[in-house]
Protein chains: 2
Amino acid sequence: MERKEISNAVIKRLPRYHRYLGELMESGVERISSNDLSEKMNVTASQIRQDLNNFGGFGQQGYGYNVEYLYNEIAKILGIDRQNNMIIIGGGNFGQALTNYSNFERRGFMIQALFDVSHERIGKSVRGIRTLDMKDLEEFLSGCHIDIAVLTVPKNSAQEVADRLIACGIKAIWNFAHLDLKVPDDVVVENVHLSESLMQLSYRISEKRDKEGSGQNS
Amino acid sequence: MERKEISNAVIKRLPRYHRYLGELMESGVERISSNDLSEKMNVTASQIRQDLNNFGGFGQQGYGYNVEYLYNEIAKILGIDRQNNMIIIGGGNFGQALTNYSNFERRGFMIQALFDVSHERIGKSVRGIRTLDMKDLEEFLSGCHIDIAVLTVPKNSAQEVADRLIACGIKAIWNFAHLDLKVPDDVVVENVHLSESLMQLSYRISEKRDKEGSGQNS
DNA sequence: TAGATTGTTAATCGATTAACAATC
DNA sequence: TAGATTGTTAATCGATTAACAATC
């Protein structure tokens with residue numbers, strides 16, 4: 001029995017449920033109804049129940065959901081109940097920032113190495129994580145299992161690096177480069193396009209500016 | 001006459017259109033049909049035409065779209081045809097990485113200052129951009145116009161900082177803190193929740209793992 | 001048992017795709 | 001003019017919300 005196909009919209013909401021449940025746990029809340037959670041999160045109770053029931057019946061009629069249980073179940077669904085080994089390709093600004101950001105580790109995302117081409121960076125350690133020579137990528141990957149490769153290289157070398165990673169068997173890429181990678185079907189890519197996010201914000205600013213402008217004229 | 005309400009789905013696609021049109025321009029392409037663009041971008045031609053026609057008729061029957069013209073029109077729609085002044089609050093890993101990332105400037109997003117509470121950081125400059133004392137935030141904002149505040153502070157101080165920014169008249173926040181900010185209706189927030197992005201990737205990895213597992217058994 | 005709240009089906013809403021008349 | 005391709009209306013598809021029977 002396979003999972004039925006889950007829509008992207010649902011997958012996007014799961015981490016947010018997980019976050020709110022974590023906060024409820026921290027404040028000692030033991031159980032919560034879809035209705036109470038919906039008010040906290042500003043979504044409909046119906047949506048919460050629909051979303052969760054894609055994966056199973058985690059609640060109990062007349063009671064609601066046990067916070068800790070649901071938190072752990074969502075963690076399992078998200079695959080963060082286990083260790084995920086990562087490498088970061090590109091030791092520039094973002095590569096180093098991500099390496100320094102120790103929060104990922106708390107969720108089981110362990111950075112095993114950083115790769116770069118610059119001889120100024122190679123050999124140095126960031127938070128105990130070695131910066132290795134990009135030349136040695138293939139050798140490194142043949143020696144250990146890496147679940148996720150983080151791509152923080154310039155746009156013009158991103159595809160080439162991705163190809164090398166995929167040739168080594170990497171199946172998941174967290175892509176910070178500002179382009180759409182071409183990858184085989186069995187490789188998953190999650191994009192973080194910061195400039196596109198910033199442009200969306202900019203859109204909303206100018207949309208507001210337009211509205212105010214026309215408002216004054218009416 | 002006001003813009004009609006544009007759906008979020010459309011807004012998210014605009015920066016990607018802009019990016020592809022920019023690349024076409026660079027390779028010297030003068031005109032393109034919705035059909036050719038749709039093949040490049042892996043969307044339907046219908047969607048491209050529908051999206052664009054939310055904002056006006058930019059094409060010409062029998063000809064298609066002029067690449068440079070459309071590129072510039074989308075830039076206007078996105079509000080990136082003008083300068084946007086930004087400040088970054090939080091001079092940690094991400095704050096510094098964003099400050100160092102000079103690509104934003106090319107799109108008119110100018111970082112005017114960096115703010116921090118740490119005396120080790122205050123007074124130092126990153127790429128010519130001063131790190132100021134968080135204490136002086138209100139004074140600074142009274143003296144110049146800032147369009148966007150970038151929030152790269154720890155989760156537990158983010159709301160407090162946001163409140164201060166809003167009190168100073170900031171209307172747009174690019175939020176990297178891992179929480180949902182509470183802001184008035186006239187303030188726009190764009191979130192970059194990196195851990196949620198990483199969890200979505202993790203979900204897809206484990207989804208694939210499940211499928212393969214069940215495949216072997218069948 | 002009565003009350004509460006889920007799980008799930010049905011209804012609605014919105015977004016995407018298809019089709020085609022308008023027009024360059 | 002004929003061919004190409006848009007702008008736009010109509011049809012379809014999918015996601016969200018509402019409703020309610022099941023059940024703890």
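Given the structure is predicted, the values throughout are model-derived calculations rather than measurements. Reckoned from all heavy atoms, side chains included, excluding hydrogens, waters and symmetry mates. Every chain is numbered from 1 and lettered A, B, ... according to where its sequence line falls, protein lines coming before strand lines.
Taking for each of S7(A) and Q60(B) the nucleotide of DNA chain D with the nearest heavy atom, the 5'-most of the two is the partner of Q60(B). Sequence order on DNA chain C of the closest nucleotides to Y65(A) and V43(B) puts Y65(A) first from the 5' end. Each of G62(A) and V10(A) was matched to the nucleotide of DNA chain D holding its nearest heavy atom; the match closer to the 5' end belongs to V10(A).
Not one side-chain nitrogen or oxygen of Y63(A) sits closer than 4.0 Å to the OP1 or OP2 atom of dG7(C). Put simply, R49(B) has no side-chain N or O that comes within less than 4.0 Å of OP1 or OP2 on dG7(D). Look at R31(A) and you won't find any side-chain N or O under 4.0 angstrom from OP1 or OP2 of dA4(C). In terms of phosphate contacts, T44(B) brings no side-chain nitrogen or oxygen within less than 4.0 Å of OP1 or OP2 of dT16(C).
When side chains are defined from C-beta on, D186(B) counts as touching K171(B), because their heavy atoms get closer than 4.5 Å. Using a 4.5 Å heavy-atom cutoff, the side chains of Y65(B) and R31(B) are not in contact. Within the 4.5 Å cutoff, side-chain heavy atoms of L141(B) are placed close to those of I87(B). In this structure, the side chains of R16(B) and V43(B) come closer than 4.5 Å at one or more pairs of heavy atoms.
Atom CG in L37(A) sits roughly 20 Å away from atom P in dA4(C) (whole-Å rounding). To the nearest angstrom, C1' of dA15(D) lies 13 Å from CD1 of I6(A). The distance from atom CG of N53(B) to atom P of dT23(C) is 14 Å, rounded to the nearest whole Å. Atoms CD1 (I48(A)) and P (dT8(C)) sit 17 Å apart, rounded to a whole Å. Regarding Q61(A), its CD atom lies at a distance of 4 Å from the C1' atom of dT23(D), rounded to whole Å. Atom pair N8(B):CG and dA15(D):P shows a separation of 16 Å (rounding to whole Å applied). When the C1' atom of dG7(D) is taken as reference, atom CG of L70(B) falls 14 Å away, rounded to whole Å. Remark: P of dA19(C) and CG of N35(B) are 14 Å apart, rounded to the nearest angstrom.
Minimum atom distance to the side chain of Q50(A) is reached by dA10(C), of the listed dT6(C), dA10(C), dT17(C). The side chain of Q47(A) lies closest to dT17(D) when the candidates are dT17(D), dA15(C), dT8(D). Proximity note for A9(A) (side chain, C-beta onward) versus dG7(D), dT16(D), dT5(C): the nearest is dT16(D).
Residue contacts for S46(A): at a heavy-atom cut-off of 4.0 Å it reaches a base atom on one of the strands shown.
As the counterpart of dT12(D), dA15(C) is assigned, both hydrogen-bonding distances of the Watson-Crick or G-U wobble pattern falling under 3.5 Å. Searching all strands for a Watson-Crick or G-U wobble partner of dC20(C) with both distances below 3.5 Å returns dG7(D).
There is no side-chain donor-acceptor pair under 3.5 Å between N103(B) and E105(B).
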Fill in: Derivation and outcome, side-chain hydrogen bond (donor to acceptor under 3.5 Å, both in side chains), residues Y20(A) and D180(B)
CA-CA 10 Å; Y20(A) 273 84; D180(B) 300 315; 2.5 Å; yes

